[in-house]
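Notes for the one structure printed next.
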Amino acid sequence: MIELEGLTKRYGEKVAVNNLTFTVRPGIVTGFLGPNGAGKSTTMRMMLGLDRPTAGDVRIDGRHYDRLKDPLRYIGALLDAKAMHGGRSAFNHLLCLAQSNGIPRGRVDEVLDTVGLTAVAKKKAKGFSLGMGQRLGIAGALLGDPRILMFDEPVNGLDPEGIHWIRNLMKSLAAQGRTVFVSSHLMSEMALTADHLVVIGQGRLLADTSMAEFIEQNSRSYVRIRSPQRERLLDVLHGAGITVVETGAGALEVDGGKPEHIGELAAQHQIVLHELSPQQASLEEAFMQLTAESVEYHAHTDTPEEQQAWGDGWKGN
Amino acid sequence: MSTPQPPMPQAAVPQPQPQLAQAPAPHWQSAPAGSYPTYTSPIPVVRTHLGHAIASEWTKIRSVRSTMWTLGVFVLLVVGIGLLAAAVVGSSAGETDLAGENPLSFGFFGLLLGSMCIMTLGVLTTASEYGTGMIRTTMTACPNRVRVLAAKAIVFFSVAFVVTFVSALLVAFADVALLDSSGVRDPSGSEWLKGTLGISLYLALLGLLSLVIGSIIRHSAGAITIMIGVVLAPLVIALFMFSSSLEKLREALFEYSIPNQLSVFYSNSLTESGPSGWDPLWIMLGVTAVAFAGACALLEKRDV
């Protein structure tokens, strides 16, 4: 279990991570979602004790990361695929990691086999493709057979076969009762793997919800209509008390409308329809909407804070 | 070069976790939300200590080619130039030309040039991890940052000392034998000690200082440049200090420049005053210790 409490990271004036509080639970895959630059990697680095938080706290099973005596047995992390010395062979890279945590040497061969790199174990990491580097990073994460696994954008650079593999891997790791925390900027990818979702934007927590709930709340369904008799159709729909949104390219959209109902209405008034289709807004759109709002929200909060600060200074004098 | 076409996916896809799957996961299926399952690994848990970090750093230093290159060139320079200097001097000198000279001192030139290699290796031991990003993996595996630096220091110092000592010893014996007929004196016991053990400890410490600077600067080329500057700059600046009002400073720069301190181990300093005997070793030890403490403080303070 990973617990974050009020986690904040400032770089000078810029707030990279702003007061994050959430819990990553075992037994499920938790997706950590946000657009580029939202603070995902910074948050993960703070979880691993690489960056010091400006404020707040992260605990791994109740302890700070740097208090862990054998950290690889607790957390396996893939931060970025190229966090290794290119001149070292895959085997030696894993061996030096294993030795630092007192993990038996045999485990190196095991994880190499798990990720399918046994054949290139003696080859230098420099010659590896991005996908192979990613696999080697995952091997490093699995080395200590840890309770918690953390992957930062694991599908980056993987081919479809590799993506399929890592999805199954994450699910099976979670099914064994481990905590799996995986970041991504692709909602579609998360929808396929994650059970729980933590969304951040501009370093702030935007959503902390189960995947199912997120889909239910955020997928907008609507009916798209196209007709050569657009004006008449609009009149008829308005007359029936239906709200219509005109979109570009001559199409109309009815939020939450039923195609049967609209079709019958059109037939009654003998209006020709070229299209009448139920639509579902993609999760990707829902995600974009969510994070776009965070930007707006941000712009609004900045002003009063500044005013207050100014006012305080004046009062002080 | 390499053929990055591993036969991997097919083998891995159907059973992604063959050896992890056998691990017991007893309660989780029946457990409802609220009480959470935890995975327990079959691998025995070990409390890690400095020894683990040292083993890890030993694997790191022996598994990259730059170690072999820098140390290989070092041995070549030290032994090659050491023997060449003695051979050239010995062949051109008459019966009494070298009377009273310390034959060990001809090892100086090789060691001075070789010090560049030791400094480079020292810098690379720490700074290259920042260049490659390996440092994040290292610090995740061992969150005790001071332990990581200490392990690096111990491993590097041992390697640098052993290689330097063996090379210096070899050159010392060879030079004494080569110059035997040229009328050089027999070095005393303390001269032997200083000219082999002393100078090896000094060079290994100079390398250790480079390692510490590498950890502070976090950039290989930058740290190497700084170290070369530290070695050469005082001497070069002193050379061009003509004004007599700067005479004192000029002398100090000469005396405490690293090449002059190196030559003190052969008791043929550029000047009569300044460090003598084992002084250079204590000076280097002090400087390195202070730099090490500074590097540790910075490591704790900065983000990786």
Side-chain angles (χ1 to χ4, degrees), chain A residues 1 25-27 48-52 65-66 68-73 77 79-80 82-89 92 95-97 99-104 107 110 114-117 119-120 123-124 127-129 132 135 140 142 145-147 161-162 164-165 168-169 172-173 175-178, chain B residues 1-4 6-13 16-21 23 25 27-28 31 36-48 52-53 55-60 62-66 128-129 132-145 148 301-304:
Chain A
M1 179 155 5
R25 286 167 303 162
L48 296 171
L50 294 175
D51 286 9
R52 309 279 192 221
Y65 191 86
D66 55 7
L68 300 177
K69 292 291 172 203
D70 44 354
L72 293 187
R73 310 298 321 284
L79 275 189
D80 57 290
K82 290 291 165 188
M84 56 188 72
H85 193 296
R88 204 169 277 134
S89 71
N92 279 328
L95 179 62
C96 73
L97 287 183
Q99 285 172 326
S100 71
N101 274 247
I103 296 165
R107 187 70 195 143
E110 277 178 30
T114 304
V115 302
L117 288 179
V120 290
K123 290 250 158 66
K124 288 181 178 183
F128 282 16
S129 66
M132 288 162 81
R135 281 168 190 266
L142 297 175
D145 197 12
R147 249 178 257 197
E161 191 120 45
H164 184 72
W165 170 74
N168 285 341
L169 176 69
S172 70
L173 289 169
Q176 287 166 356
R178 302 182 213 238
Chain B
M1 256 179 55
S2 60
T3 46
M8 42 189 189
Q10 284 80 2
V13 165
Q17 282 294 289
Q19 60 278 93
L20 295 172
H27 318 297
W28 67 271
Y36 296 108
T38 10
Y39 174 78
T40 319
S41 166
I43 304 175
V45 171
V46 183
R47 270 181 81 90
T48 58
H52 291 110
S56 172
E57 291 302 330
W58 169 243
T59 301
K60 280 188 198 168
R62 69 173 176 76
S63 63
V64 289
R65 207 172 270 179
S66 55
S128 79
E129 289 213 13
T132 56
M134 177 70 191
I135 192 69
R136 289 193 290 281
T137 309
T138 299
M139 291 301 187
T140 311
C142 178
N144 187 336
R145 299 176 184 182
V148 171
K301 193 169 156 277
R302 291 201 278 192
D303 290 339
V304 174

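Just so it is clear: chains get the letters A, B, ... in the order the sequence lines come, proteins before strands, and each one is counted from 1.
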Item to check | Side chain, backbone, both or neither of A/R73 within contact of chain B (heavy atoms, under 4.5 Å) | outcome: side chain
Next on the checklist: Is there a side-chain contact between B/V46 and A/N101 in this structure, where contact means two heavy atoms from C-beta onward sitting under 4.5 Å apart?
Outcome noted: no
Next on the checklist: Heavy-atom pairs under 4.5 Å with chain A: which of B/A53, B/G133, B/S56 has the most?
Outcome noted: B/S56
Item to check | Inter-residue atom distance B/R62.CZ - A/C96.SG, 0.5 Å rounding | outcome: 9.5 Å
Next on the checklist: Side chains of A/N92 and B/T59, heavy atoms from C-beta outward: is any pair under 4.5 Å?
Outcome noted: yes
Item to check | Gap separating the OG1 atom of B/T140 from the CG atom of A/L97, nearest 0.5 angstrom | outcome: 9.0 Å
Next on the checklist: Shorter than 4.5 Å, heavy atoms on both sides: which option in A/P71, A/A83, A/G102, A/G49 has the most such pairs with chain B?
Outcome noted: A/A83
Item to check | Check: A/P104 and B/I43 side chains under 4.5 Å, non-hydrogen atoms | outcome: yes
Next on the checklist: Could you tell me if the side chain of A/D145 sits less than 4.5 Å from the side chain of B/P42, heavy atoms only?
Outcome noted: yes
Item to check | Donor-acceptor contact present, side-chain B/Y39 to main-chain A/A175, <3.5 Å | outcome: no
Item to check | B/V148 portion near chain A, given a 4.5 angstrom heavy-atom threshold | outcome: neither
Item to check | Rounded distance [0.5 Å steps], NE2 in B/H52 versus NZ in A/K69 | outcome: 12.5 Å
Checklist entry - When rounded to the nearest 0.5 angstrom, what distance separates CG in A/L50 from CD1 in B/I135? => result 9.0 Å
Checklist entry - A/D66 versus B/N144: any side-chain heavy-atom pair under 4.5 Å? => result no
Checklist entry - Rounded to the nearest 0.5 Å, how far apart are NZ of B/K301 and CZ of A/R52? => result 11.5 Å
Checklist entry - Which one of A/G87, A/G86, A/S100, A/S89 has the most heavy-atom pairs closer than 4.5 Å to chain B? => result A/S100
Checklist entry - Given the options B/R65, B/R302, B/E129, B/E57, which has more heavy-atom pairs under 4.5 Å with chain A than any of the others? => result B/R65
Checklist entry - Does any donor atom in the side chain of B/S41 or A/R147 lie under 3.5 Å from an acceptor atom in the other side chain? => result no
Next on the checklist: With side-chain contact (heavy atoms from CB on, under 4.5 Å) as the criterion, how do B/V64 and A/H85 come out once you've worked through the C-alpha distance, each side chain's angles and the decisive distance to 0.1 Å?
Outcome noted: CA-CA 8 Å; B/V64 289; A/H85 193 296; 3.7 Å; yes
Checklist entry - Would you say B/M134 and A/R88 make side-chain contact, with heavy atoms under 4.5 Å? => result yes
Checklist entry - Between A/D80 and B/R136, is the closest basic N to carboxylate O distance under 4.0 Å? => result yes
Next on the checklist: If you define the side chain from C-beta out and look only at heavy atoms, does anything of B/R47 sit under 4.5 Å from A/D70?
Outcome noted: no
Checklist entry - Highest number of heavy-atom pairs under 4.5 Å with chain A: which of B/A55, B/S63, B/P44? => result B/S63
